[in-house]
Number of protein chains: 2
Amino acid sequence: MKALGEILAELSKGGFRITRARRSIIEVLLNTHLPLSAEGLLESLERRRVPANKTTVYREITFLKERGIVQEIQFLHERVKRYEVVFGSHHHHLICMGCKRVEDVELEGELEKYEREIMKSKGFKVLNHTLEFMGLCEGCR
Amino acid sequence: MKALGEILAELSKGGFRITRARRSIIEVLLNTHLPLSAEGLLESLERRRVPANKTTVYREITFLKERGIVQEIQFLHERVKRYEVVFGSHHHHLICMGCKRVEDVELEGELEKYEREIMKSKGFKVLNHTLEFMGLCEGCR
DNA sequence: ATATTAATGCAACTTAGTTGCAACAGTCAA
DNA sequence: TTGACTGTTGCAACTAAGTTGCATTAATAT
């Protein structure tokens with residue numbers, strides 16, 4: 001995972017401005033590390049005394065997505081989309097149906113085996129995937 | 001996958017009514033077999049001359065979900081939810097980013113290995129999962 | 001044939017996200 | 001440090017997807 005400075009330097013070099021809102025949004029996403037919804041992001045900004053408009057938040061998310069800095073996640077049990085800073089390694093989520101908390105998991109070996117299988121049997125080239133597990137966490141079982 | 005008659009008999013036995021809308025919705029979902037959105041379902045009904053209100057469609061989907069007859073799918077690249085009849089065996093989807101078509105895949109061996117791993121390392125009991133692959137189909141590559 | 005109540009349709013509403021446009025504010029160069 | 005350039009923001013109004021309350025309709029058992 002990248003550090004704040006690195007991300008800001010990259011953007012700056014690209015000719016983009018480091019505004020108060022932009023810096024704070026990236027900070028919040030780096031610090032929570034569990035996926036936040038646009039509304040959650042808005043609230044976090046308010047708590048930090050960096051009030052922002054929801055339009056700004058949505059536009060900033062779009063901007064950061066386009067640059068591969070954040071990624072969008074859609075949990076099946078929710079209506080809203082969530083966002084998190086892209087990690088070096090691809091990972092997945094464990095969603096507890098009891099307490100609704102979300103944990104990360106990294107899976108060893110990943111799904112490459114399946115992706116090869118799919119290529120062979122269907123001629124379909126996999127470029128990306130989503131995988132989320134729903135269940136009960138240790139505390140809620 | 002269940003046949004129409006079986007599903008209807010089951011519902012009838014449960015004290016639910018077999019209305020024109022209900023029967024048609026189940027028929028459409030059985031026949032398309034690829035996941036349909038609520039709006040798509042509405043259009044299919046119109047083509048069959050069984051006009052239904054969108055409220056009815058949403059309520060029927062909820063009803064069929066609660067009874068384990070249909071399941072809801074959320075593709076990452078879309079805003080809408082989609083619905084399909086639950087198959088005997090769990091399967092996943094290949095979403096072509098070119099033509100937007102969706103194919104089914106069944107994966108051999110499934111993700112049980114990962115589910116056991118998650119149980120061991122995190123104490124998290126997996127009850128369900130979603131897995132979708134995004135990429136390019138044979139025709140679009 | 002009729003009573004019961006599940007299912008429906010309508011209109012009004014909510015929630016999540018988007019758009020156009022005028023105003024504002026980082027950044028660079030002088 | 002000042003200004004000019006243009007990227008960024010906020011507002012208000014909008015769209016799309018889905019939900020709700022309530023009065024009406026229509027499957028079904030008797």
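Every chain is numbered from 1, with letters handed out A, B, ... down the list of sequences. A quick note: this is a predicted structure, and the numbers were derived from the prediction, not measured. Values reported hereafter were calculated over all heavy atoms of this structure, with side chains retained and with hydrogens, waters and symmetry mates removed.
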**Message:** The side chain of B/Thr55 is closest to which nucleotide in this list: D/dT28, D/dG21, C/dT8?
**Reply:** D/dG21
**Message:** Given C/dA16, C/dT8, D/dT9, identify the nucleotide with an atom nearest to the side chain of A/Glu39.
**Reply:** C/dA16
Heavy-atom donor-acceptor pair, [X] side-chain to [N] base, under 3.5 Å:
| X | N | value |
| --- | --- | --- |
| B/Lys54 | D/dG18 | yes |
| A/Arg59 | C/dT18 | no |
| A/Arg22 | D/dT8 | no |

Separation of [X] atom [atom1] from [N] atom [atom2], in whole Å?
| X | N | atom1 | atom2 | result |
| --- | --- | --- | --- | --- |
| B/Ile18 | C/dA7 | CD1 | P | 9 Å |
| B/Arg20 | D/dT28 | CZ | C1' | 18 Å |
| A/Leu8 | C/dT27 | CG | P | 10 Å |
| B/Phe63 | C/dT5 | CZ | C1' | 14 Å |
| B/Lys81 | C/dA16 | NZ | C1' | 12 Å |
| A/Glu78 | D/dG18 | CD | P | 15 Å |
| B/Glu72 | D/dA17 | CD | P | 14 Å |
| A/Asn53 | C/dA16 | CG | P | 16 Å |

**Request:** Please check if the distance between the ring centroids of B/His92 and B/His129 is under 6.0 Å.
**Result:** yes
**Asked** Aromatic ring centroids of A/Tyr114 and B/Phe133 under 6.0 Å?
**Response** no
**B/Tyr83 vs B/Leu36 side-chain heavy atoms within contact, under 4.5 Å** = no
**Request:** With the side chain counted from C-beta on, respond yes when B/Ile73 and B/Thr130 share a heavy-atom pair under 4.5 Å apart, and no when they do not.
**Result:** no
**Phosphate-side-chain proximity, A/Tyr58 and C/dT18, N/O vs OP1/OP2 below 4.0 Å** = no
**Contact nearer the 5' end of DNA chain D, comparing B/Arg79 with B/Arg17** = B/Arg79
**Complete:** By nearest-nucleotide position on DNA chain D, the 5'-leaning member of B/Thr19 and B/Tyr83 is B/Tyr83
**Message:** Check this for me: does any side-chain nitrogen of one of B/Glu117 and B/Lys122 sit under 4.0 Å from a carboxylate oxygen of the other?
**Reply:** no
